[in-house]
Trainee: 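Before we start, here is the structure in question, set down as structure tokens.
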Amino acid sequence: MTRDLRSALASRVLVADGGMGTMLQGHDLTLADFQGLEGCNEVLNVSRPDVVASIHAAYLAAGADCVETNTFGANLSALAEYDAVHRIAELAGAGARIARQAADAAATPERPRFVLGSMGPGTKLPSLGHTSYARLRDAYQEQAEAMVAGGVDGFQVETCQDLLQARAAVVGAQRACVAAGVALPVFVHVTVETSGTMLLGSEIGAALTALEPLGIDAIGLNCGTGPTEMSEHLRHLSRHARIPLVCMPNAGLPELTPDGARYPMGPEEFVDHVGQYAREFGVGLVGGCCGTTPAHIARLAVAVAGRAPTPREPEHV
């Protein structure tokens, strides 16, 4: 069985998994499980691989074509918060291997399953002078090299709030591919706030102009908002992006409760929106972020089953 993520994305609408963090919160994990680093989900790749694997398996059983590695925070600034930068490669590689094993267990000759190496934004933004572009780029390369060795099929640079940070992650992933002698696709998801721009004020058109020339394989949005707030930004990408589109929103805007954030959008309403975007805007990879469960992904998989991406005729500006 061959796994070619680029070809699969071109031929049919792919479904990615949902909120790893949301699902981890549903497990009774102890401080010992986190090896004393409370909140560092990536440590679970080595301390509780069974829990991480079970979440991957649940999304795959629900119908996901792609699962993301539990490596969103396996980067320079996020691990620096725990004095654990020296563990980037260890945690990223372990996360990739867990996801690869789960994907392979669910795959059939007729339907391969893919692993996306998650690369999150970290906690320091280079455009604000929190850290340097070069340090970020090199650390992202270290993370990506470990995930390539662990068996990922491509990279998901996600929740990008700073275009310079996004560039560092993309270039780091591309350099890792060159070093390993492979050519894996790189998808980039920016996060547009309810204000209508990214955190640092960049509009979606600026993001497309800055990122598409880097040679990325797909662009889109994730996190930050639910699907209803993404429509106009996806419309712009649909009209102007010359590469495939991706969309992985939260299950609505979070509501603060005494028990923390609650995401109110159920599977049916969520899929009404995301399924429409696949049809209307030609989105080729759909999935979920915070608050989306296997139930959301199961309904989404049914909604887009057998569908090819809607053709687009983008106008380059």
Trainee: For the residue pair P227 and G252, what are the closest heavy atoms and their distance?
Mentor: CD-N, 4.2 Å
Trainee: Between M119 and A173, what is the shortest heavy-atom contact and its length?
Mentor: SD-CB, 4.1 Å
Trainee: Any side-chain to backbone donor/acceptor pair from R312 onto H240? Under 3.5 Å, distance only.
Mentor: no
Trainee: Do side-chain atoms of N250 reach the backbone of C289 as a donor and acceptor pair under 3.5 angstrom?
Mentor: no
Trainee: Would you name the heavy atoms of D162 and S127 that are closest together and state the gap between them?
Mentor: OD1-OG, 2.6 Å
Trainee: Can you measure from SG (C160) to CZ (R167) and round to the nearest 0.5 angstrom?
Mentor: 13.5 Å
Trainee: Transitively linked via ILVMFWY side-chain contacts under 4.5 Å: I55 with L60?
Mentor: yes
Trainee: Taking the side chain from T71 and the backbone from A92, do they hold a donor-acceptor pair closer than 3.5 Å?
Mentor: no
Trainee: To the nearest 0.5 Å, what is the distance between CZ on R100 and CZ on F114?
Mentor: 8.5 Å
Trainee: Given side chains that start at C-beta, do those of Q165 and Q161 come closer than 4.5 Å, heavy atoms only?
Mentor: no
Trainee: Going by heavy atoms in the side chains, are L9 and F187 under 4.5 Å from each other?
Mentor: yes
Trainee: Enter the distance from T191:OG1 to M248:CE here, rounded to the nearest 0.5 Å.
Mentor: 11.5 Å
Trainee: Step through the shown structure and confirm whether more than 12 heavy atoms of other residues, nucleotides or ligands are within 6.0 Å of CG on D83.
Mentor: no
Trainee: Mark yes when over 12 heavy atoms from residues, nucleotides or ligands other than Q276 sit less than 6.0 Å from its CD; otherwise mark no.
Mentor: yes
Trainee: Is R307 atom CZ crowded by more than 12 heavy atoms from other residues, nucleotides or ligands, each under 6.0 Å away?
Mentor: yes
Trainee: With no hydrogens and no angle check, is any side-chain donor or acceptor of S238 less than 3.5 Å from a backbone partner on L234?
Mentor: no
Trainee: Measuring from L237:CG to I204:CD1, what's the distance to the nearest 0.5 Å?
Mentor: 4.5 Å
Trainee: Kindly work out whether a path of hydrophobic side-chain contacts (I/L/V/M/F/W/Y, heavy atoms less than 4.5 Å apart) joins V192 to M265.
Mentor: yes
Trainee: Using modelled atom types and a 3.5 Å cut-off, is there a donor and acceptor pairing between side-chain atoms of T310 and backbone atoms of R279?
Mentor: yes
Trainee: Under 3.5 Å, is there a donor-acceptor pair between the S118 and E158 side chains?
Mentor: yes
Trainee: Ignoring hydrogens, what is the shortest heavy-atom contact between A251 and F270? Give both atom names and the distance.
Mentor: CA-CD1, 4.2 Å
Trainee: Checking side-chain contact (heavy atoms from CB on, under 4.5 Å) for the pair S77/H130: CA distance, chi angles, key distance, verdict?
Mentor: CA-CA 9 Å; S77 57; H130 295 156; over 6 Å; no
Trainee: Please indicate whether E203 has more than 12 foreign heavy atoms, meaning atoms of other residues, nucleotides or ligands, lying under 6.0 Å from its CD.
Mentor: no
Trainee: State, yes or no, whether a side-chain contact exists between C66 and Q156 at a heavy-atom distance under 4.5 Å.
Mentor: no
Trainee: Side chains of M20 and N41: closer than 4.5 Å at any heavy-atom pair?
Mentor: no
Trainee: Check whether N45 reaches the backbone of N70 with its side chain - one donor and one acceptor, N or O, closer than 3.5 Å.
Mentor: yes
Trainee: Please confirm whether the backbone N or O of A102 pairs with a side-chain atom of R113, one donor and one acceptor, at under 3.5 Å?
Mentor: no
Trainee: Would you give the length of the straight line joining atom CD of E38 to atom CG of L29, rounded to the nearest 0.5 angstrom?
Mentor: 10.5 Å
Trainee: Report the C-alpha separation of V148 and F155 in whole Å, then their side-chain angles, then the decisive distance to 0.1 Å, and conclude whether the side-chain contact (heavy atoms from CB on, under 4.5 Å) test is met.
Mentor: CA-CA 9 Å; V148 170; F155 299 100; 3.5 Å; yes
Trainee: Under 4.0 Å between a side-chain nitrogen and a carboxylate oxygen: does that hold for R175 and E145?
Mentor: no
Trainee: Can V170 be reached from V182 by stepping across I, L, V, M, F, W or Y side chains whose heavy atoms are under 4.5 Å apart?
Mentor: yes
Trainee: Any donor and acceptor pair, going by atom type alone, linking the side chain of Q101 with main-chain N or O of I98 inside 3.5 Å?
Mentor: no
Trainee: With a 3.5 Å cut-off and no angle check, do the side chains of Y140 and Q174 form a donor-acceptor pair?
Mentor: no
Trainee: Less than 4.5 Å apart, any side-chain heavy atom of L79 and any of L91?
Mentor: yes
Trainee: Can you tell me how far CG of L164 sits from OG of S132, rounded to the nearest 0.5 angstrom?
Mentor: 9.5 Å
Trainee: Treating H296 as the side-chain partner and T293 as the backbone partner, does any N or O pair qualify as donor plus acceptor under 3.5 Å?
Mentor: yes
Trainee: Same hydrophobic cluster for Y277 and I297, using side-chain heavy-atom links shorter than 4.5 Å among ILVMFWY?
Mentor: yes
Trainee: Please evaluate residues V274 and V304 with respect to the criterion side-chain contact (heavy atoms from CB on, under 4.5 Å), reporting the C-alpha separation (whole Å), side-chain torsions for both, the decisive distance (0.1 Å), and the verdict.
Mentor: CA-CA 10 Å; V274 179; V304 302; over 6 Å; no
Trainee: Check whether any side-chain heavy atom of D153 lies under 4.5 Å from a side-chain heavy atom of L184, and answer yes or no.
Mentor: no
Trainee: Before you tell me yes or no, could you show the steps for C247 and L221 under side-chain contact (heavy atoms from CB on, under 4.5 Å), namely the whole-Å CA-CA distance, both residues' side-chain angles and the distance that decides it to 0.1 Å?
Mentor: CA-CA 5 Å; C247 175; L221 297 97; 5.8 Å; no
Trainee: Looking only at heavy atoms, which two atoms of V152 and A96 are closest? And how far apart?
Mentor: CG1-CB, 3.9 Å
Trainee: Got a donor-acceptor contact below 3.5 angstrom from the E42 side chain to the G73 backbone?
Mentor: yes
Trainee: Is the shortest side-chain heavy-atom distance between L125 and L200 below 4.5 Å?
Mentor: yes
Trainee: Tell me whether V188 shares a hydrophobic cluster with L136, the cluster being built from Ile, Leu, Val, Met, Phe, Trp, Tyr side chains joined at under 4.5 Å.
Mentor: yes
Trainee: Got a sec: does the CD of E255 have more than 12 other heavy atoms crowding it under 6.0 Å?
Mentor: yes
Trainee: Check R87 against E90 and note the closest heavy-atom contact, atom names and distance.
Mentor: NE-OE1, 2.8 Å
Trainee: With side chains defined as the heavy atoms from C-beta onward, is the minimum distance between Y82 and V43 less than 4.5 Å?
Mentor: no
